[in-house]
2 protein chains.
Amino acid sequence: MESGTLTDSQAGLHPDDDLRTQILDAARHLMVSDGYSSLSMRRIARKIGYSATSIYLHFSGKDDLFYTLIDEGMERLNRYLEEASRVNASADNVLRAICNAFVEFGLTNPEYYEVMFVLHPDTGSRYPAPKYRKARRNIAIIASALEKGIAEERFVIGDVALTANTIWATLHGVVTLIIAQRIDKTLQRNRLVTGTIEIIIAGISNPNLKSS
Amino acid sequence: MESGTLTDSQAGLHPDDDLRTQILDAARHLMVSDGYSSLSMRRIARKIGYSATSIYLHFSGKDDLFYTLIDEGMERLNRYLEEASRVNASADNVLRAICNAFVEFGLTNPEYYEVMFVLHPDTGSRYPAPKYRKARRNIAIIASALEKGIAEERFVIGDVALTANTIWATLHGVVTLIIAQRIDKTLQRNRLVTGTIEIIIAGISNPNLKSS
DNA sequence: ATTACCAACTTAACAGTGTTAAGTAAAATA
DNA sequence: TATTTTACTTAACACTGTTAAGTTGGTAAT
């Protein structure tokens, strides 16, 4: 932008009330289309016709933006899982639906998924504790399916919270490896996914499970 | 380094035969101590007293270095798993040993683990196909434990290769979430780990497993 | 012995990054 | 009308990976 030329902002193209929203929209869009690695402050700014530093008026830094996107993603995932959990079926089928929804979310929104669960910001700053709540809600959905299965005397589970986390971790493993393309290409995705889910269900249905 | 001053290299501090080895040593050391994110060409170079560009005489770029480190890590992991698989025990206990070894490797070498399985280089370049062989060897170790279990009529498995990958993905999920600190802190690591392993074993031991 | 060459390394530069400090123009307030 | 506040900007710092173009020191050939 040479001096002498009006910038977009000076030309009044930006309703100055919702710059924060514009930033988030641009960030989300860039992340989904080009991946998080090429998501830079300057790129975002260019996209919306502002200077890079103006982002710092609404976010304390890249991490802050990062965390806001995580939050958004958690909300999305939450809707996904809650809808899946509403199927009217036996506990094992409810769990199947939830698991499939989780994997589907990950595979159809890989950029969101990465930001949410894979990447951790370079700077030592950690994911703020209060924000964990939304992540926990997702695990709670799994947990409630487990409790349904226990009530139906289908599942053999000692610690529900622990098992919910285990299942989550398991699904996370499948999604991550597929996204990162560290899985043998000859292997079919859906066979891997359903295979994993079936092993889990068979595992927590097995009376011989050494439940800790 | 101002002109007029002898650089280390000019002073003959570097046996010029093994610069490549020095680079790898420095890279490994920096990665393990400061994490991959702060592993830069210039840092590596500074550590060994060369200019950054001299690295390009031995590696085509950062990705190449990256892949060499992956290779190293795979070799390490392979030794880990092979040793674990040599226990003289029933198939389920062999599998337990292998799984534990995998998780232990991941948790004691998180930086290696990340480079190997989590990060994928920003540039579109993919992990070179021939290098996949070492990764496959690790899965083969799991597979052979499964076959032992089938022979002992302990495990009910349709597709061994698929199940081996499933187990790998599962363990990967646990390791990744723990490393990325996306797991509830109140949860005890080893309970999560053993819980996951037990569900898997119970799963593949369950006659009702819908094996695909 | 002198010239040519070559290997191993260097510096300078490009285009990018996150982030901070200081400056500017317009609007709101006194 | 003068002052303060708001909403932005530019300039700069210290980095990043990578390329192009030197600069040495030693070897080989004439």
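Please read these numbers as outputs of a predicted model, since none were measured by experiment. Hydrogens, waters and symmetry mates play no part in the numbers below; they use all other heavy atoms, side chains included. Note on naming: letters A, B, ... go to the chains in the order of the sequence lines (proteins, then strands), and numbering restarts at 1 for each one.
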Among R28(B), H29(B), Q22(B), find the residue that satisfies the side chain to side chain donor-acceptor pair (under 3.5 Å) test when tested with D25(B). R28(B)
Could you tell me which residues satisfy side-chain contact (heavy atoms from CB on, under 4.5 Å) with D34(B), sequence neighbours excluded, listed by chain and number? L30(B), S38(B), R43(B)
Report the distance from atom CZ of F66(B) to atom P of dG17(D), rounded to the nearest whole Å. 13 Å
Round to the nearest Å and state the distance from F59(B) atom CZ to dT19(D) atom P. 16 Å
Which residues share a side-chain contact (heavy atoms from CB on, under 4.5 Å) with R79(B), sequence neighbours left out: E75(B), R76(B)
Nearest-Å distance for atom pair CD1/C1', residues I55(B) and dT18(D): 11 Å
Does the ring-ring contact (aromatic ring centres under 6.0 Å, His included) test come out yes or no for Y112(B) and F105(B), once each step is laid out? CA-CA 9 Å; Y112(B) 260 112; F105(B) 172 84; 7.1 Å; no
Tell me, do F117(B) and V175(B) make a side-chain contact under 4.5 Å, heavy atoms counted? no
Please round to 10 degrees the angle between the axis of the first five pairs and the axis of the last five pairs in the helix from dA1(C)-dT30(D) to dA30(C)-dT1(D). 30°
Sorted by first residue and then second, give each salt bridge (charged side-chain N to carboxylate O under 4.0 Å, His left out) pair with at least one member in residues 53-62 of chain B; sequence neighbours left out. none
Using the side-chain contact (heavy atoms from CB on, under 4.5 Å) criterion, which residues pair with L81(A)? Sequence neighbours excluded. L77(A), I98(A), A101(A), F102(A), N138(A), I141(A)
Could you list all N or O pairs between the protein and nucleotides 14-18 of chain C that sit under 3.5 Å apart?
residue, atom, partner, partner atom, Å
dT17(C), OP1, S40(A), OG, 2.6
dG18(C), OP1, M41(A), N, 3.0
dG18(C), OP2, M41(A), N, 2.9
dG18(C), N7, R42(A), NH1, 2.4
dG18(C), O6, R42(A), NH2, 3.0

Whole Å only: how far is the CG atom of L30(B) from the C1' atom of dT16(D)? 15 Å
Measuring from atom CG of D92(B) to atom NZ of K148(B), what distance do you get when rounded to the nearest 0.5 angstrom? 9.0 Å
Does a nitrogen or oxygen in the side chain of S54(B) sit under 4.0 Å from OP1 or OP2 of dA8(C)? no
Rounded distance (Å) that lies between atom P of dT23(D) and atom OH of Y50(B): 21 Å
Is there, by distance only and without an angle test, a donor paired with an acceptor across the side chain of T53(A) and the base of dT19(C) below 3.5 Å? no
Between C1' of dC15(D) and CD1 of I44(B), the distance in whole Å: 15 Å
Taken to the nearest 0.5 Å, the spacing of M41(A) CE from I55(A) CD1 works out to 5.0 Å
